[in-house]
Amino acid sequence: MAARIPLDRIRNIGISAHIDSGKTTLTERILFYTGRIHKIHEVRGKDGVGAKMDSMDLEREKGITIQSAATYCVWEGSQDQYKEKPINVNIIDTPGHVDFTIEVERALRVLDGAILVLDSGKGVQSQSITVDRQMKRYHVPRIAFVNKMDNPGANYERVADMLKEKLGHHSVCIQLPMGAEHNFAGIIDLITMKAFFFDGQDGETIREEEISAEYKEAAVAAREKMIAGVADVDDELAEKFIEEKPVTVDELRMAIRRATLALKMTPVMCGSAIKNKGVQLLLDGVVHFLPRPTEVLNEGHDQDNGEAKVVVESDPTKPFVGLAFKLQQDKYGQLTYFRVYQGTVSAGDTIYNISNESRKVRVPRMFRMHSEDREEIPSAEAGDIVAFYGVEASSGETFTDGKVNWTLTSMHVPAAVISLAVAPKDRSTEVNFSKALNRFTKEDPTFRVHQDEESQQTIISGMGELHLDIYMERMRREYNCDVIAGKPQVAYRESITRRAEINYTHKKQTGGSGQYAKIMGFIEPLPADAVEPYEFLDDVTGGSIPREFISSCDKGFKDAVRKGTLIGFPIVGIRCAVNDGASHAVDSSEMAFKTAAMMGFREAYANAAATILEPIMKVEIDVPTEYQGSVVGQVNQRRGVILETQGGDTTSITCEVPLNSMFGYSTDLRSATQGKGTFTMEFARYAIVPKQEQEEMKKVYREKLAAEAKAK
């Protein structure tokens with residue numbers, strides 16, 4: 001086995017972007033230039049092979065990434081400058097489609113740095129905003145790579161400005177493209193002030209030249225602007241800049257690195273992955289500007305010490321701490337992807353699942369992953385991303401060697417917005433149906449399954465139509481189980497629009513000790529920017545309700561908000577307060593106060609002007625400009641509101657539309673644009689349903705309840 005590459009020469013990076021920005025194409029080029037693959041295959045290539053990182057048949061057919069794929073490669077530098085000390089780059093290629101957003105969440109949770117890929121013509125798009133929000137959540141430093149510089153409408157400067165305007169980045173261009181669109185010839189590195197051209201069939205031969213007279217003036221001006229931009233966020237460089245002292249290449253690189261790691265700036269680079277230009281320089285940028293595992297602060301919680309914060313150090317000699325971030329089933333069994341944060345783990349070791357009652361498991365075998373290929377390794381150290389075979393876990397669980405009882409923070413899991421009732425077409429495939437659902441819920445925390453208590457139907461919930469369609473298709477292919485699906489069900493919510501008082505006494509006498517509890521308080525709407533959908537306020541003074549019964553009131557309210565009385569959906573955006581009450585020395589109990597809270601809530605809810613909320617989706621539609629009128633008309637018909645329109649050869653329309661109106665939209669859009677229109681959508685917020693529709697929904701719900709009561 002080759003000698004281990006030390007920690008300071010490891011980079012763990014993710015490649016994230018809006019759908020169709022060229023992430024997988026870029027990863028394919030990185031693998032080619034690092035010698036990991038020997039032939040380039042395109043995402044929608046004519047050879048039918050498909051990109052290495054799109055290993056699922058469905059990904060190759062649809063030309064999109066569905067699952068994040070991990071790989072690693074060794075980079076010796078664009079000019080062989082790291083030949084003696086090669087850099088190990090672990091890469092996770094993530095999906096761009098918002099329906100698979102959990103793949104991006106879990107990748108960014110375990111990565112140290114990222115490349116944010118942007119389309120040179122379209123710039124910052126809706127999913128770029130979502131991905132950026134995820135990067136900020138996990139404090140991930142990033143390089144912005146403006147891809148597709150050969151495309152019509154390519155504009156490097158404009159995209160860098162959009163990073164400032166739309167994402168609030170301090171973006172600094174560290175390169176200058178030579179030409180754009182079909183004239184895109186090469187790249188000027190503003191740090192070294194050299195021009196780079198990419199020759200050979202696949203751009204593998206890099207030619208370094210002096211900057212030509214044509215670009216000299218523009219390059220000098222761009223370098224001045226770059227140094228000023230970095231000096232704005234780095235004190236050491238600012239001193240030199242103010243004193244007008246010359247800045248060396250190393251000083252400039254170190255300043256950019258410091259500012260990038262401190263999340264104070266985003267270096268902006270450019271190129272064209274499909275035309276094999278600029279990818280090697282981007283890899284050099286990863287080495288120069290993105291963090292080593294030792295430069296990232298990873299915090300955990302010590303379970304033996306009241307969840308006190310502890311720093312998990314990237315040190316192979318300390319006790320082992322790792323996070324299971326992704327599960328995948330293949331023909332040999334379950335693969336559990338791990339990021340090793342501290343210590344060393346070897347095949348045959350016993351490790352403990354701290355997130356699950358310190359359950360003991362043995363590590364039978366361990367692999368480095370290269371998309372669907374695997375390479376067995378005897379051990380892994382801090383900073384590594386590996387996969388274990390036969391280790392049962394769920395996404396986001398922490399494992400240690402038992403010497404420490406620490407847990408790492410898990411990943412953020414967004415709420416589902418759409419549900420479907422599903423059932424196997426053929427009764428004989430029921431076993432496969434439940435096996436598939438079991439596996440998919442373990443693999444994907446955003447894919448949820450539950451049994452409807454009233455109808456006894458199996459309900460699957462997820463992030464969008466495509467998300468659920470892909471899983472139903474996978475059941476058919478991987479489990480030989482055809483599925484019948486009902487009409488999609490939108491995740492409506494109920495809420496209140498005004499404050500209402502609670503004053504309820506629960507009395508029950510049934511021989512022996514009875515039940516007695518009196519509670520007083522109120523319910524009121526939470527402010528629009530509240531983080532949690534429910535809040536409990538304990539305002540009881542003077543012991544009118546004994547302390548041990550306060551939590552019972554909270555439990556009663558929580559039970560009550562699970563199902564509203566308007567249409568039977570959960571109640572959100574509500575504060576429930578208790579400020580007074582009474583108890584009985586013998587007859588009061590936890591159960592009595594829980595019941596009083598629940599019944600008191602229902603009474604107050606009827607007086608709080610309750611309303612129905614529906615999920616509103618942020619939709620971004622890209623269409624050729626000639627179809628703009630008919631597409632805007634379609635949006636208006638679906639109760640949509642246009643937020644922004646950007647023109648050019650293609651028009652980008654950003655709007656907000658109720659999810660209930662978006663079913664079947666892909667078919668309508670295709671027919672209105674001769675198949676040339678595309679759209680993406682993601683959950684934006686909840687909004688009140690129009691009054692007329694609310695009445696109709698309430699009526700349907702009342703009829704359903706009446707029918708159920710009659711059936712009993």
OG1 (T294) and CG (D315) are apart, to the nearest 0.5 Å, by 10.5 Å
Run the side-chain contact (heavy atoms from CB on, under 4.5 Å) test on S21 and Q125 for me, step by step, so that the C-alpha distance in whole Å, both residues' side-chain angles and the decisive distance to 0.1 Å come before the verdict. CA-CA 10 Å; S21 299; Q125 296 168 272; 4.1 Å; yes
Non-neighbouring partners of Y479 that pass ring-ring contact (aromatic ring centres under 6.0 Å, His included), sequence neighbours left out: none
Hey, which of T71, L283, V89 is the one that makes side-chain contact (heavy atoms from CB on, under 4.5 Å) with I30? L283
Evaluate the criterion side-chain contact (heavy atoms from CB on, under 4.5 Å) for residue pair F198 and Q280; output intermediate values, then yes/no. CA-CA 9 Å; F198 305 88; Q280 298 96 319; 3.7 Å; yes
Within the side chain of T398, is there an N or O that forms a donor-acceptor pair under 3.5 Å with the backbone of L408? yes
Does atom CZ of R359 have more than 12 heavy-atom neighbours from other groups under 6.0 Å away? no
Under 3.5 Å: donor-acceptor pair, side chain of T350, backbone of V361: no
In this structure, CG of L263 is separated from NE2 of H169 (nearest 0.5 Å) by 9.5 Å
Between the side chain of D426 and the main-chain N/O of S428, is any donor-acceptor distance below 3.5 Å? yes
Any chance you could measure N298, atom CG, to E313, atom CD, to the nearest 0.5 Å? 10.5 Å
Heavy-atom side-chain contact between F433 and V422 under 4.5 Å: yes
Under 3.5 Å, side chain of R9 to main-chain N/O of P86, donor-acceptor pair present? yes
Among V345, L323, V340, N353, the one residue meeting side-chain contact (heavy atoms from CB on, under 4.5 Å) with F399: N353
From the list Q303, E397, H301, side chain to side chain donor-acceptor pair (under 3.5 Å) partner of T407 resolves to Q303
Side-chain ion pair, E295 and R257, N-O less than 4.0 Å: yes
Using 30° and 60° as the class limits, which term best fits the ring planes of F447 and Y471: parallel, tilted or perpendicular? tilted
Verify, without hydrogens or angle tests, whether R11 (side chain) and L290 (backbone) share a donor-acceptor contact under 3.5 angstrom. yes
Of all heavy-atom pairs between D284 and G77, which one has the smallest distance, and what is that distance? OD1-CA, 3.8 Å
Measure the spacing between OG1 of T34 and CD1 of I87 and express it to the nearest 0.5 Å. 12.5 Å
Test item: D401 side-chain N/O and F320 main-chain N/O as donor-acceptor pair under 3.5 Å: yes
Atom NZ of K264 with >12 non-hydrogen neighbours under 6.0 angstrom: no
Polar side-chain atom of R29 near backbone of A273 as donor-acceptor pair, under 3.5 Å: yes
Just by modelled atom types, is the K277 backbone N or O under 3.5 Å from a matching donor or acceptor in the S272 side chain? no
I274 CD1 to K148 NZ distance, which is reported to the nearest 0.5 Å: 8.0 Å
Is there a side-chain contact between D384 and F338 (heavy atoms, below 4.5 Å)? no
With the threshold set at 4.0 Å, does a side-chain nitrogen-carboxylate oxygen contact exist between K618 and E682? no
Report the distance from atom OH of Y33 to atom CG of D202, rounding to the nearest 0.5 Å. 6.5 Å
Test item: D482 side-chain N/O and K425 main-chain N/O as donor-acceptor pair under 3.5 Å: no
Taking the six-membered ring of Y337, is NZ or CZ of R339 closer than 6.0 Å to its centre and within 45° of its axis? no
Indicate yes or no: does K442 engage E392 in a salt bridge with an N to O separation below 4.0 Å. yes
Out of V312, I351, I354, which residue meets the side-chain contact (heavy atoms from CB on, under 4.5 Å) rule with V321? V312
Among residues at least two apart in sequence or on other chains, which ones pass ring-ring contact (aromatic ring centres under 6.0 Å, His included) with F32? none
Give a yes or no on this: more than 12 heavy atoms of other residues, nucleotides or ligands lie within 6.0 Å of atom CG of N480. no
Report yes if some heavy atom in the side chain of E620 is under 4.5 Å from a heavy atom in the side chain of K122; otherwise report no. no
Give a yes or no answer on whether the side chain of N432 reaches the backbone of T429 with a donor-acceptor pair at less than 3.5 Å. no
